[in-house]
There are 2 protein chains.
Amino acid sequence: MTDADRFDLNDFLPYRLNAAASRISRAFSERYREEFGISIPEWRVLVHLHHAGDVSVRDIEARVDMEKSKVSRAASRLETAGYITKGVNDTDRRLLVLRLTDKGEALVARLLPVAMEYQDEMRARLGPLAAGLEAGLSALLSDEA
Amino acid sequence: MTDADRFDLNDFLPYRLNAAASRISRAFSERYREEFGISIPEWRVLVHLHHAGDVSVRDIEARVDMEKSKVSRAASRLETAGYITKGVNDTDRRLLVLRLTDKGEALVARLLPVAMEYQDEMRARLGPLAAGLEAGLSALLSDEA
DNA sequence: AAACATTTATTGCACATGCAACAATGTCAA
DNA sequence: TTGACATTGTTGCATGTGCAATAAATGTTT
């Protein structure tokens with residue numbers, strides 16, 4: 001109760017967090033959707049493959065904050081586009097082995113500079129507030145069941 | 001280029017922001033979806049109506065970070081559920097006048113304490129980092145075309 | 001070995017979403 | 001006033017999403 005009558009959505013932390021994330025994600029995805037024609041889920045899969053090497057759908061699900069069905073569909077689109085291949089793990093044939101093709105590596109090589117540039121712009125706009133924001137995000141991402 | 005080979009998605013600020021927002025929103029919406037049966041867009045409309053009084057779809061669109069079609073559909077669901085009414089603005093008959101019913105006011109009165117409690121828990125988990133996070137969010141939300 | 005349980009990835013389904021029409025209303029200049 | 005243009009809210013459509021169900025492979029228990 002208390003001062004609930006003065007409750008303003010724009011002062012509500014979960015809303016503010018979500019609104020900021022939506023704007024940033026939208027602006028970022030527009031930037032490379034035009035240029036490279038890929039979506040956010042596809043971007044995440046590509047970048048994780050580049051970083052982690054051959055991995056399964058399960059690995060990506062665990063580390064990239066995406067449902068397995070989302071990963072599966074993103075991977076299928078990337079395979080169709082020729083950016084990755086889907087192989088079978090000989091040790092455990094339930095697992096896929098997702099791997100970047102040469103074409104996929106080339107795409108990532110063009111994507112990453114755009115991403116880093118965007119992050120630099122974000123940090124520049126934040127100035128001295130960047131460190132505080134990142135520390136807060138770390139706290140929210142750390143435990144969280 | 002540079003250190004692009006070591007690029008880790010989990011160190012990428014836009015990704016971290018989005019992942020944190022997703023988790024918080026999901027946890028929050030689960031909490032009141034079970035109890036009150038409403039979605040995030042519906043929650044935003046209800047809360048904004050409570051705060052701002054009678055408003056049009058356009059007003060909500062501008063202040064609550066939602067597309068007008070999303071607002072329109074949320075409002076229709078809320079009307080069907082008996083939480084709001086849709087009237088016509090006599091001065092400009094293109095505009096709707098969205099208004100909370102008594103039932104809607106009663107729902108908001110039960111919703112807001114849950115929201116404030118959730119925000120308090122967030123701030124408690126963040127501890128001294130909360131201020132820095134909020135300052136960073138303010139910077140991201142301020143200008144942004 | 002057989003029966004049962006668990007894990008992995010895909011897919012069907014219902015629903016939400018964004019965008020582009022669209023109709024209704026309002027504004028304004030000639 | 002008329003006619004061109006702008007604004008407001010709704011809806012059709014294609015697409016994305018989460019969840020549950022499923023099949024295939026593996027693990028476990030007896």
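Chain A is the first sequence line, chain B the second, and so forth, proteins listed ahead of strands; every chain is numbered from 1.
- We find that CG of A:L96 is positioned 13 Å from P of D:dT26, with the value rounded to whole Å.
- One interatomic measurement links the two molecules: CG of B:N89 to C1' of D:dT7, which rounds to 13 Å at whole-angstrom precision.
- Between B:F12 and A:F28, the ring center distance clears the sub-6.0 Å criterion.
- If A:S76 and A:E30 are placed on DNA chain C by their nearest nucleotide, the residue sitting closer to the 5' end is A:S76.
- A straight line from CZ of A:R77 to C1' of C:dA9 spans 15 Å, rounded to a whole angstrom.
- Look at CD1 on B:I60: it is 9 Å from P on D:dG9, rounded to the nearest Å.
- One finds the CG atom of B:L141 at 11.0 Å from the CD atom of B:E134 (value rounded to the nearest 0.5 Å).
- In this structure the side chain of A:L137 reaches within 4.5 angstrom of the side chain of A:L17, judged on heavy atoms.
- A:R94 has no side-chain polar atom (N or O) that falls below the 4.0 Å cut-off from OP1 or OP2 of C:dA9.
- Atom P of nucleotide C:dA9 and atom CD of A:E61 are separated by 8 Å, given to the nearest angstrom.
- For the pair A:R44 and B:N18, the minimum side-chain heavy-atom distance is below 4.5 Å.
- Applying the 4.0 Å criterion to OP1 and OP2 of C:dT10, one finds that A:K86 has a side-chain N or O inside that range.
- Across all strands shown, B:K70 has heavy atoms under 4.0 Å from sugar-phosphate atoms exclusively, and none from any base.
- Contact annotation: B:S72 reaches the phosphate of D:dT10 (side-chain N/O to OP1 or OP2, under 4.0 Å).
- Regarding contacts with the backbone of C:dT7, every side-chain N or O of A:R93 stays at 4.0 angstrom or more from both OP1 and OP2.
- Nearest to the side chain of B:D92, among D:dG9, C:dG26, D:dC19, sits C:dG26.
- One interatomic measurement links the two molecules: CG of B:L95 to C1' of C:dA24, which rounds to 12 Å at whole-angstrom precision.
- Distance from the side chain of B:P41 is smallest to C:dT17 among D:dT10, C:dT17, D:dT8.
- The base of D:dG12 is paired with the side chain of B:R73 by a donor and an acceptor separated by under 3.5 Å.
- Rounded to whole Å, atom C1' of D:dT17 lies 14 Å from atom CG of B:N18.
- For B:R26, counting side-chain heavy atoms from C-beta on, the closest listed nucleotide (C:dC19, D:dG9, D:dG18) is D:dG18.
- Taking atom NZ of A:K68 as the reference point, atom P of D:dA23 lies 15 Å away to the nearest angstrom.
- In the displayed structure, A:R99 atom CZ is contacted under 6.0 Å by at most 12 heavy atoms of other residues, nucleotides or ligands.
- Distance from the side chain of A:S69 is smallest to D:dC19 among D:dC19, C:dA9, D:dG9.
- A:S56 comes within contact range of the sugar-phosphate backbone alone, with a heavy-atom separation under 4.0 Å but no base atom that close.
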